[in-house]
Enquirer: 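The structure is given below, and queries will be raised subsequently.
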Amino acid sequence: MHAVEDVRNTLRTGCPENGEGDMQPGTCWTCKSPDVPRLMHEKGIENYYKAKWSDWGAEVVNPIGCADCHDPVTMNLTITRPALIEAFQRQGKDITQATPQEMRSLVCAQCHVEYYFTKDNKYLTFPWDGGMTVEAMEKYYDEAEFTDWTHALSKTPMLKAQHPDYEIFLLGPHAQRGLSCADCHMPYMSEGGIKYSNHQVMSPLKNVANTCQTCHRDSEENLKNYVYQYQDKALEIRDRIEQELSKAHIMAKTAWDKGADDKEMAASLKLLRQAQWRWDFAVASHGASFHAPVETQRILAHSLDKTMLAQLELQKVLFSYGVTDMQMPDISTKDKAQAYIGLDMKTLKEKKDNWIKTVVPQWLEKAKKEGKLTANI
């Protein structure tokens, strides 16, 4: 219910006004509203994607609803976002042949996936052509020479994982035994002799009797503890990576500052790109440590390995420039880390808050006048 509000309020979208200040393309609205399929139909898919984000501010106003997943005539599950259909087509698969049980995950996979925007027209694309593993998608991006951004400290050409939930879920025990997303997040319930999915989407741990215990003969306490153990083990590795990965980026900055050239830094930057991609792939996925605990820990372990290999390469470069004692800045808190990299969060937030108070009401008023705002907002 907060999908549209969230994408307006995040600092990532900037403070666009009068055709200026957009930080994202129109593509960024894609998973937020049933207004999106309407816009794609009216404007054309490519025109929808390549527009400015603010162009659709008065158009995308209703949060996620029934029409995002259901055919309005038959109420059958349906795919309303073309990126998923196109990804399957490129793999030689016909999504229209999916079973009803498969559709109970595929409607989620329209959005809960890794994706990127193509360089030319910001076309939403899922990088699944060679497979859905972290390595297969990395290869896809490398062959496409794609980079999300260049790291300001280390100058590494980075990849930003979005939220590869569907991909990691497929590698876990529940998907491999035929369960769908809806089985656990929207369990079946009965009322008046009618069986239907509970549409109060939530963590399965909030309703263990109707989720876990339909298959697992164990107590609610034990079942929850199994999940917490998976999570704690993944977090242990994650926390270690974050310390060492941050250090590696700062080591790279020091090497550049000392005069290192592209050739000297090439091996280190490649490892940094690989390490952070794996960390991000595991961390950005919602519920990865439960959906596929073994695969998630494998990915995190490889991230830590590549992080330490990057540090070893950087130590060689630093040593050649006479740096033998690397001094780390104090980045022990989020505020300190943001200050170190030069983010003026106070000003950014104040500017965004003012924009929300002035521009967003104009969008909503326009949508109301045109009869497009159907939700009670």
Enquirer: Using a distance-only test with no angle check, is there a side-chain donor-acceptor pair under 3.5 angstrom linking Thr80 and Gln110?
Expert: yes
Enquirer: Measuring from atom CG of Leu312 to atom CG of Leu271, what distance do you get when rounded to the nearest 0.5 angstrom?
Expert: 9.5 Å
Enquirer: Compute the centroid of each ring, for His174 and then for Phe290, and state whether the two points are separated by less than 6.0 Å.
Expert: yes
Enquirer: Does NZ or CZ of Lys155 fall inside the cone over Trp256's six-membered ring, less than 6.0 Å from its centre and within 45° of the axis?
Expert: yes
Enquirer: Thinking salt bridges, do Arg273 and Asp142 make one under a 4.0 Å N-O criterion?
Expert: yes
Enquirer: Answer whether the closest heavy-atom distance between the side chains of Met158 and Gln276 falls below 4.5 Å.
Expert: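 Contact flag for Met158/Gln276 side chains = yes.
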Enquirer: Hey, quick one: are Val113 and Met137 part of the same hydrophobic cluster, counting side-chain heavy atoms closer than 4.5 Å, chains of contacts allowed?
Expert: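 Yes; Met137 is reachable from Val113 via cluster members.
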Enquirer: Tell me if the CZ atom of Phe319 is crowded by more than 12 foreign heavy atoms within 6.0 Å.
Expert: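 12 or below, so no.
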Enquirer: Verify, without hydrogens or angle tests, whether Thr147 (side chain) and Trp149 (backbone) share a donor-acceptor contact under 3.5 angstrom.
Expert: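 Here the side-chain-to-backbone pair does not exist.
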Enquirer: Find the distance between CD (Glu138) and CD (Gln274) and round it off to the nearest 0.5 Å.
Expert: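 Between atom CD of Glu138 and atom CD of Gln274 there are 5.0 Å.
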Enquirer: Is there a donor-acceptor contact under 3.5 Å linking the side chains of Asp257 and Thr254?
Expert: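 On atom types as modelled, these side chains do not qualify, holding no pair under 3.5 Å.
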Enquirer: Answer with yes or no whether the side chains of Tyr230 and Gln297 bring together a donor and an acceptor at under 3.5 Å.
Expert: no
Enquirer: Looking at the rings of Trp277 and Tyr141, which for Trp means the six-membered one, are their centres under 6.0 Å apart?
Expert: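 Trp277 vs Tyr141: aromatic centres under 6.0 Å.
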Enquirer: Do Met326 and Leu269 belong together in a cluster built from hydrophobic side chains that touch within less than 4.5 Å?
Expert: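 Yes.
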Enquirer: Side chains of Pro204 and His185, heavy atoms from C-beta outward: is any pair under 4.5 Å?
Expert: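 Side-chain contact under 4.5 Å: yes.
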Enquirer: Taking the six-membered ring for Trp, are His249 and His151 ring centroids under 6.0 Å apart?
Expert: yes
Enquirer: Hey, is Lys366 close enough to Glu370 for a salt bridge, meaning N to O under 4.0 Å?
Expert: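 Judged by the 4.0 Å cut-off on N to carboxylate O distance, Lys366 and Glu370 do form a salt bridge.
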Enquirer: Is the NZ or CZ atom of Lys195 positioned over Tyr188's six-membered ring, under 6.0 angstrom from the centre and within 45° of the axis?
Expert: yes
Enquirer: Has Lys349 got more than 12 heavy atoms of other residues, nucleotides or ligands less than 6.0 Å from its NZ?
Expert: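 No - once you tally the heavy atoms of other residues, nucleotides and ligands closer than 6.0 Å, there are 12 at most.
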Enquirer: For the residue pair Arg104 and Ser197, confirm or rule out a side-chain donor-acceptor distance under 3.5 Å.
Expert: yes
Enquirer: Check the side chains of Thr333 and Asp335 for a donor-acceptor pair under 3.5 angstrom, ignoring hydrogens and angles.
Expert: no
Enquirer: Cation-pi between Lys352 and Trp355: NZ/CZ under 6.0 Å from ring centre and within 45° of the ring axis?
Expert: yes
Enquirer: Can you confirm whether Lys258 is buried at NZ, in the sense that more than 12 heavy atoms of other residues, nucleotides or ligands lie under 6.0 Å from that atom?
Expert: no
Enquirer: How far does CG of Leu300 sit from CD1 of Ile241, to the nearest 0.5 angstrom?
Expert: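 These two atoms lie 4.5 Å from each other.
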Enquirer: Would Glu295 and Arg298 pass as an ion pair if we require N to O under 4.0 Å?
Expert: yes
Enquirer: I would like to know whether Leu170 and Met132 meet side chain to side chain contact (heavy atoms under 4.5 Å, CB included); could you show each step before the answer?
Expert: CA-CA 9 Å; Leu170 290 180; Met132 294 187 185; 3.5 Å; yes
Enquirer: With the side chain counted from C-beta on, respond yes when Arg278 and Glu135 share a heavy-atom pair under 4.5 Å apart, and no when they do not.
Expert: yes
Enquirer: Parallel, tilted or perpendicular: which one describes the rings of Phe126 and Trp128, with boundaries at 30° and 60°?
Expert: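 The arrangement is tilted - the two ring planes meet at 30° to 60°.
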Enquirer: Within a reach of under 6.0 Å around CD of Glu17, are more than 12 heavy atoms found that belong to other residues, nucleotides or ligands?
Expert: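 Yes, CD of Glu17 has more than 12 neighbouring heavy atoms, counting only those of other groups under 6.0 Å.
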Enquirer: Indicate yes or no for a side-chain donor-acceptor contact from Ser190 to the backbone of Gly193 under 3.5 Å, with no hydrogens or angles considered.
Expert: no
Enquirer: Mind running side-chain hydrogen bond (donor to acceptor under 3.5 Å, both in side chains) on Thr30 and Tyr48 for me, showing each step along the way?
Expert: CA-CA 9 Å; Thr30 301; Tyr48 160 78; 3.2 Å; yes
Enquirer: Is there a donor-acceptor contact under 3.5 Å linking the side chains of Asp218 and Tyr226?
Expert: yes
Enquirer: Hey, mind stepping through Ile95 and Gln89 against side chain to side chain contact (heavy atoms under 4.5 Å, CB included) and telling me if it holds?
Expert: CA-CA 8 Å; Ile95 206 169; Gln89 288 174 337; over 6 Å; no
Enquirer: Could you tell me whether the side chains of Asn9 and Asp6 share a donor-acceptor contact shorter than 3.5 Å?
Expert: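 Result is no, nothing qualifies.
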Enquirer: Going through the checks in order, is the side chain to side chain contact (heavy atoms under 4.5 Å, CB included) test met by Trp279 and Ile299?
Expert: CA-CA 7 Å; Trp279 163 82; Ile299 293 170; over 6 Å; no
Enquirer: Distance from Gln162 atom CD to Glu114 atom CD, nearest 0.5 Å?
Expert: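 Gln162 CD to Glu114 CD: 5.0 Å, rounded to 0.5 Å.
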Enquirer: Distance alone, cut at 3.5 Å: any donor-acceptor contact between the side chains of Tyr321 and Glu264?
Expert: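 Present: a donor and an acceptor within the cut-off.
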Enquirer: Check whether any side-chain heavy atom of Asn76 lies under 4.5 Å from a side-chain heavy atom of His70, and answer yes or no.
Expert: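 When only atoms from C-beta onward are counted, His70 and Asn76 do not touch, as no gap falls below 4.5 Å.
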Enquirer: Check the orientation of Trp53 and Trp29. Use parallel for under 30°, tilted for 30 to 60°, and perpendicular for over 60°.
Expert: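 Judged by the thresholds at 30° and 60°, the geometry between Trp53 and Trp29 is parallel.
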Enquirer: Main chain of Glu221, side chain of Asn225: is a donor-acceptor contact present, judged purely on distance under 3.5 Å?
Expert: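 Yes, the answer is positive, given that a donor and an acceptor are paired below the 3.5 Å cut-off.
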Enquirer: Tell me which one of Tyr116, Tyr140, Tyr115 satisfies ring pair (Phe, Tyr, Trp, His ring centres under 6.0 Å) with Phe146.
Expert: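 Of the listed options, the one satisfying the test is Tyr116.
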Enquirer: Taking atom SG of Cys66 and atom CG of Asp71, what is their separation to the nearest 0.5 Å?
Expert: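 Separation between the atoms: 12.0 Å.
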Enquirer: Membership question, hydrophobic clusters at under 4.5 Å side-chain separation (ILVMFWY): are Ile64 and Ile79 in the same one?
Expert: no
Enquirer: Give a yes or no on whether the backbone of Thr211 and the side-chain of Thr214 come within a donor-acceptor separation of less than 3.5 Å.
Expert: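 Looks like yes, one N/O pair under 3.5 Å.
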Enquirer: Kindly say whether Leu373 contributes a backbone atom to a donor-acceptor pair with the side chain of Asn62 at under 3.5 angstrom?
Expert: no
Enquirer: Between Asp35 and Lys372 (salt bridge meaning N to carboxylate O under 4.0 Å), is one present in this structure?
Expert: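 Here Asp35 does not pair with Lys372 in a salt bridge, since their nearest N and O are not under 4.0 Å apart.
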Enquirer: Are the side chains of Ser219 and Asn222 in contact, using a 4.5 Å heavy-atom criterion?
Expert: yes
Enquirer: List the steps and the verdict of side chain to side chain contact (heavy atoms under 4.5 Å, CB included) for Phe281 and Ile168.
Expert: CA-CA 9 Å; Phe281 198 90; Ile168 289 184; 3.7 Å; yes
Enquirer: Report yes or no: do Thr156 and Lys270 form a side-chain donor-acceptor pair below 3.5 Å?
Expert: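 No pair is found: no donor N or O on one side chain lies under 3.5 Å from an acceptor on the other.
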Enquirer: Is there a donor in the side chain of Ser54 and an acceptor in the side chain of Asp22, or the other way round, less than 3.5 Å apart?
Expert: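 Present: a donor and an acceptor within the cut-off.
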Enquirer: Check this for me, if you would: do Arg81 and Asp68 make a salt bridge, where the nitrogen-to-carboxylate-oxygen distance has to be below 4.0 angstrom?
Expert: yes
Enquirer: Using a strict 4.0 Å threshold on nitrogen-to-oxygen distance, state whether Glu59 and Arg38 make a salt bridge.
Expert: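 Result for this pair is yes, salt bridge flagged.
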Enquirer: Just checking Tyr49 against Tyr123, ring centres under 6.0 Å apart?
Expert: yes
Enquirer: Could you tell me if Glu220 and Gln213 have a donor-acceptor pair between their side chains, going purely by distance under 3.5 Å?
Expert: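 There is no such pair between these side chains.
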Enquirer: Looking at Glu42, I'd like to know if its CD atom is crowded, meaning that more than 12 non-hydrogen atoms belonging to other residues, nucleotides or ligands lie closer than 6.0 Å.
Expert: yes
Enquirer: Just by modelled atom types, is the Met189 backbone N or O under 3.5 Å from a matching donor or acceptor in the Asn198 side chain?
Expert: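 Not at all, since once roles are kept as given, no pair shorter than 3.5 Å links the two residues.
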Enquirer: Can you tell whether the side chains of Glu244 and Arg240 come within less than 4.0 Å, N to carboxylate O?
Expert: yes
Enquirer: Should Arg8 and Glu5 count as an ion pair when the cut-off is N to O under 4.0 Å?
Expert: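 Salt bridge absent between Arg8 and Glu5.
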Enquirer: Using the benzene-type ring in the case of Trp, are the ring centres of His112 and Phe169 under 6.0 Å apart?
Expert: no
